[in-house]
Each structure stands twice: as structure tokens, then as C-alpha cells.
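Report on the structure given below.
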Amino acid sequence: QVQLVESGGGLVQAGGSLRLSCTASGLTFSSHVMGWFRQAPGKEREFVARITWNVGSTYYVDSVKGRFTISRDNAKNTVYLQMTSLKPEDTAVYYCAAGERHYPRSYLYTRDYEYWGQGTQVTVSS
């Protein structure tokens with residue numbers, strides 16, 4: 001079956017950096033759009049970033065533009081989220097997700113993704 005396993009979360013001070021990784025198995029990784037979402041306590045899960053399957057076109061929510069970078073290594077079935085200049089408001093559980101290729105999809109919403117990881121906690125202290 002499909003598995004997405006995130007790692008790399010933790011506790012960091014404001015202004016610090018973390019790199020999240022998500023390794024997939026049980027699917028054709030290079031054929032899926034990969035996304036990162038986050039969910040803070042008491043809030044809905046929100047889109048953070050996504051990367052397409054071919055040339056790796058990326059898109060970010062405004063609040064992380066210039067600070068976060070999503071990338072993928074299809075040879076390793078892994079997607080990354082490099083997070084810099086972290087802020088307390090970035091504190092959340094971060095989830096990676098895989099979306100099959102369907103048109104039209106923006107891959108900005110949870111409904112656009114078929115597979116999800118279990119999440120990794122990121123806590124940014126002030």
C-alpha cells in the first residue's frame with residue numbers, strides 16, 4: 001500500500017531553520033504532485049507548498065514565500081521542505097501529500113490529494 005513518511009520536525013527558536021523530508025513508497029512517485037500542508041491546534045489544515053511531477057514547478061502560500069523551499073528527488077522518492085526564518089506562527093503539524101495527475105486540479109486544497117503522511121510536529125519558540 002501507499003505510505004508517506006515525514007521526518008525532520010522538532011523544536012526550533014524563531015529565526016531558525018528546519019528541513020522536513022517525506023519519503024513515499026507504494027506509488028509511482030515521479031507521476032504525482034507532492035504537497036506540504038500544516039495544521040495548527042484548533043485550525044483547519046492549510047496548504048503550504050506544492051511541486052509538480054515533471055519540471056518541478058512550485059507554488060507557495062503567501063505567508064511562507066521567500067522563507068520556505070519545496071523540492072523533490074524522484075530517484076529517492078522524497079520531497080523536501082526547507083524552512084528558514086521560522087516564526088512562532090509556523091508552529092503546526094506538517095503533512096506531506098501525494099496527488100494523482102488529474103485535470104483540472106490546482107493542488108492547493110486537501111481534496112486534490114489522495115495520499116497523506118502521518119505528520120511531523122514543528123514548534124517554533126519565540
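Count residues from 1 along the sequence.
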Taking only residues two or more places apart in sequence, or in another chain, which ones meet [X] in a salt bridge (charged side-chain N to carboxylate O under 4.0 Å, His left out)?
X   : result
R45 : none
D90 : R38, R67
E89 : none
K65 : D62

Residues in side-chain contact (heavy atoms from CB on, under 4.5 Å) contact with E100, at least two apart in sequence or another chain = H32, H102, E114, Y115
Indicate yes or no: at least one non-hydrogen side-chain atom of [X] is less than 4.5 angstrom from one of [Y].
X    : Y   : answer
R50  : S57 : yes
Y60  : V48 : no
V122 : T91 : no
W36  : V79 : yes

message = Angle between ring planes, Y94 versus F68, binned at 30° and 60°: parallel, tilted or perpendicular?
response = tilted
Grab the two heavy atoms, one from [X] and one from [Y], that are nearest each other, plus how far apart they are.
X    : Y    : answer
L108 : D112 : N-OD2, 3.3 Å
G26  : V2   : O-CG2, 3.4 Å
A14  : S126 : CB-CA, 4.4 Å
S17  : S85  : OG-N, 4.4 Å
M83  : L20  : CE-CG, 3.7 Å
L4   : A24  : CD2-CB, 3.3 Å

Rounded distance [0.5 Å steps], [atom1] in [X] versus [atom2] in [Y]:
X   : Y    : atom1 : atom2 : answer
L81 : C96  : CG    : SG    : 10.0 Å
S7  : Q118 : OG    : CD    : 9.0 Å
T52 : M34  : OG1   : CE    : 12.0 Å
L18 : T84  : CG    : OG1   : 10.5 Å

Listed partners of F29 passing ring pair (Phe, Tyr, Trp, His ring centres under 6.0 Å), at least two apart = none
message = According to ring pair (Phe, Tyr, Trp, His ring centres under 6.0 Å), who are the partners of F37, at least two apart in sequence or on a separate chain?
response = F47, Y113, W116
key: ILVMFWY cluster, Y109 and W53 together (side-chain gap under 4.5 Å)   = yes
ask   = With R101, which residues qualify under side chain to side chain donor-acceptor pair (under 3.5 Å), at least two apart?
value = none
request  = Could you tell me which residues satisfy side chain to side chain donor-acceptor pair (under 3.5 Å) with T123, sequence neighbours excluded, listed by chain and number?
outcome  = Q121
request  = Enumerate the residue pairs fulfilling salt bridge (charged side-chain N to carboxylate O under 4.0 Å, His left out) with a member in residues 5-19, sequence neighbours excluded, ordered by first and then second residue.
outcome  = none
query = Going by the salt bridge (charged side-chain N to carboxylate O under 4.0 Å, His left out) test, which pairs reach into residues 24-33, not counting sequence neighbours?
reply = none
task = Would you list the pairs meeting side chain to side chain donor-acceptor pair (under 3.5 Å) in which at least one residue belongs to residues 73-83, sequence neighbours left out?
result = T23-T78, R72-N74
